[in-house]
Amino acid sequence: MIKIKIDGKVLEVKPKTSIIEVADKVGIDIPRFCYHKKLSVAANCRMCLVEVKNFAKPLPACATQVMEGMEISTKSKFTKDTQKSVMEFLLINHPLDCPICDQGGECDLQDTAVAYGANKSRYTEEKRVVFDKNIGPLISTDLTRCIQCTRCVRFLKEVGGMAELGLIGRGEHAEISAYVDKSVESELSGNIIDLCPVGALTSKPFRYSARSWELSRRSTISCHDSLGSNMEAHVKDDIVKRVIPKENESINECWISDRDRFSYEGLYHKDRINLPLKRVKNQWEEIDWEEAYELIEKNITDINTKKSDQIGIVCSPQSTLEEGFLLKKIAKELNTSHIDYHLLEKSFSKNNNWLGCKIDEIESHDAILVVGSNLKHDQPLLAHRFRRYANKKNNFSIITSYDDFHSTHCLEKIIVNPSAYLNYLLMILKEIQLITKYKINSQGIKNTLKVLKSSNETKKIAQSLLSTKSKAIFLGHQILHLEDGDNIKFVAMHIAQATEATLGLLPGDANSVGLNELNLNSNNISTDKILSQKKEAYIMMNFDPLYDYHSPKKINDALKNAKFNLAISPYISDSFKEFDVVLPMTPFTETSGTFMNMEKRIQSFSAVTPPFGQARPGWKILRVLANFLQFEGFLYDSSEDVKADAMIELDKKNEYILIDFKPSKITKGLETLNLIKANDSDMIVRRASSLHKNKKNQNCCLINPSTMLKKGLIDGQKIMISSSEAEVLINVKADENVCSNVIAIFGKQDETFSLGMHNKVKIKKA
Ligand code: SF4
Ligand code: FES
């Protein structure tokens with residue numbers, strides 16, 4: 001520690017800390033524009049200049065490290081005069097358009113000018129004008145207002161992972177620019193709106209819809225992935241007008257992904273239903289809640305009195321702990337053991353499905369291996385931690401089918417088809433076994449290892465896992481789509497045991513970890529099984545049966561065959577045509593509840609607006625349904641009461657079932673890889689219009705040029721893809737990032753959802 005003096009106060013501080021960091025820690029205000037604690041230091045705005053004893057010139061507090069005996073004055077006349085001059089320079093070219101600027105009321109430049117600037121301008125010359133650029137449907141530019149702090153440039157490069165904006169020109173001609181004709185495509189792009197200290201970058205969907213002082217700020221939790229980002233919803237007239245991050249260093253730091261930020265548009269989509277619907281001769285008819293409950297009660301009771309297990313219950317892994325708990329209780333009363341929430345999982349074993357460590361511990365590992373994840377889309381914000389880790393420590397390896405880690409430094413990057421993931425993990429295990437003599441008790445693995453040869457890449461990964469102290473293996477989303485998923489988990493577990501690594505899953509949905517811990521699927525029966533056993537009735541909650549399930553054909557067949565189907569959903573669409581009744585539930589912004597995130601952190605949230613129309617929160621719908629079915633023990637007054645009972649259930653120990661390795665073959669021929677874009681992940685984001693205005697890669701599949709050459713295909717050509725689920729006519733697009741022999745299709749999109757998740761496919765030219 002060293003001793004310094006700041007504004008006469010003696011402090012003991014760590015060496016190599018900057019003056020601005022010290023000042024922030026002790027609550028001394030130093031104005032700044034370009035400095036941001038999460039970005040590299042640019043020191044180009046000069047707003048933070050302070051007087052330091054024995055230095056003739058003022059020094060930038062953001063770029064000056066403290067030294068023993070340093071005496072800093074942040075309030076002296078010299079400092080104040082300096083800051084006033086800098087402010088004057090910064091305002092020379094800034095337009096006086098504050099009354100019509102969307103940043104009004106929350107503008108750093110305005111606030112700083114009032115606090116540190118002069119009270120009138122001496123500048124009478126003409127101001128410069130910078131033409132605005134169209135950088136996409138999410139961010140509006142007014143670049144004349146830009147003060148060239150470069151926060152946006154640094155964010156996209158350092159956090160977003162790709163340098164999508166740059167500063168061109170010099171001096172008075174300097175301006176922010178994207179690549180020619182390119183919009184900003186980062187899944188985290190909206191954060192530059194918050195970062196911009198002036199009104200040069202504002203939110204396009206929010207623009208001119210409200211002034212910042214008219215908005216009520218209400219805390220909430222993201223429902224779009226299992227990170228559990230903390231957010232603030234800004235509400236006017238009971239409508240969510242915008243969403244911004246709420247800082248939580250150990251979860252989302254100070255960022256959120258674009259789907260968290262802009263999905264609120266989907267809350268007000270025309271598909272929202274505000275009254276229960278009953279299907280009459282293939283038409284939807286609105287009915288009141290009383291009639292809907294009576295109809296459900298009659299049908300469910302009729303079916304249920306015959307024999308047990310005639311009703312299948314499937315809910316989304318986005319369901320809150322309260323909803324999951326009530327569904328489980330209802331299933332028990334209905335005498336059905338057929339309840340589940342696994343929608344994408346093709347292979348099924350009851351697993352410990354969490355991250356395996358705290359989110360903020362990820363970067364403390366000495367070596368990391370990620371298998372089967374398109375991190376950029378599966379985990380848009382978490383991907384930043386992996387990128388930061390990889391660029392800092394040279395020990396990050398990934399096995400995947402689509403290479404979206406271009407600017408990230410990887411120790412090994414193995415791009416293979418999904419059905420080969422298992423083999424590559426086995427090769428790593430073989431190498432580890434050779435070195436450590438690790439004993440494997442599975443005959444299946446032993447037999448497979450005998451005939452397998454490791455590659456140079458797998459040897460390198462094995463060595464990196466063995467030669468380091470703390471290491472972690474993370475299995476991604478793509479593993480869920482594979483028949484081989486359980487085998488992969490089994491082999492990864494052996495690698496983790498042999499190397500003393502942490503094994504974690506990167507769960508995709510807001511509460512898949514919570515529902516697992518709740519033991520919702522206590523009978524270990526998968527949704528696949530529930531559907532193939534053709535139940536007499538199905539209750540499905542909070543997901544689109546066709547887009548969100550890995551086999552649209554299977555779920556459609558089961559629903560068609562059933563006598564009565566009930567959906568509880570915020571939206572209605574063609575996907576629901578096999579249902580008899582749809583009850584309108586509120587999305588996460590209109591209900592209270594609890595999610596357990598990927599690191600098993602429990603976070604509760606409250607409604608930020610009242611329900612839309614007569615829609616009701618999921619937990620209330622289930623509570624009243626149970627009352628109509630005359631089940632006892634459902635007299636809950638609030639979601640907090642339900643949570644209290646759910647927490648008791650959480651305390652019970654879960655038993656995980658480890659399924660032994662069953663040798664399987666690598667798929668010969670072509671197979672699909674389902675790339676689920678971040679903005680297609682659930683019913684709400686799919687309906688957020690601005691997130692889908694950039695129609696890039698719509699209605700096409702991606703194929704490696706080498707595979708195209710082999711199959712005689714050309715870019716832009718139409719082909720027919722046939723899987724066991726469906727046939728789809730689609731354009732071909734060459735993409736070197738896809739591994740060969742793979743047809744990458746966009747999961748959960750209109751054109752391709754019917755093909756299902758990961759299948760063997762045939763193609764023919766159309
Ligand atoms: S656009 Fe905003 S964030 Fe980007 S350089 Fe200009 S002022 Fe800074
Ligand atoms: S904040 Fe220090 S130079 Fe900009």
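Keep in mind that this is a model prediction, so the values were computed, not measured. Atoms within each ligand, like the ligands themselves, are counted from 1 in listed order.
- Between the side chain of Gln603 and the main chain of Asn597, no donor-acceptor pair closer than 3.5 Å is present.
- The minimum heavy-atom distance between Glu21 and Ser18, with the atom names listed, is OE1-N, 2.9 Å.
- Between the side chains of Asp682 and His224, at least one donor-acceptor pair of N or O atoms lies under 3.5 Å.
- Just one of Glu265, Glu106, Glu214 meets the salt bridge (charged side-chain N to carboxylate O under 4.0 Å, His left out) condition when paired with Arg242; it is Glu106.
- At a cut-off of 2.8 Å, measuring from atom 8 (Fe) of ligand 1, the protein N, O or S atoms that fall short of it are Cys149 SG, waters left aside.
- A ring-centre distance under 6.0 Å is found for Phe386 and Phe474.
- Here the closest non-hydrogen pair linking Leu188 and Asp258 is C-OD1, 3.4 Å.
- For Glu175 (side chain) and Gly169 (main-chain N/O), no donor-acceptor pair under 3.5 Å exists by modelled atom type.
- Under 2.8 Å from atom 2 (Fe) of ligand 2, one finds the following protein N/O/S atoms: Cys48 SG, Cys62 SG.
- The number of heavy atoms from other shown groups lying within 6.0 Å of OH (Tyr268) is above 12.
- Of the candidates Lys37, Lys38, Lys246, Lys38 is the only one forming a salt bridge (charged side-chain N to carboxylate O under 4.0 Å, His left out) with Glu253.
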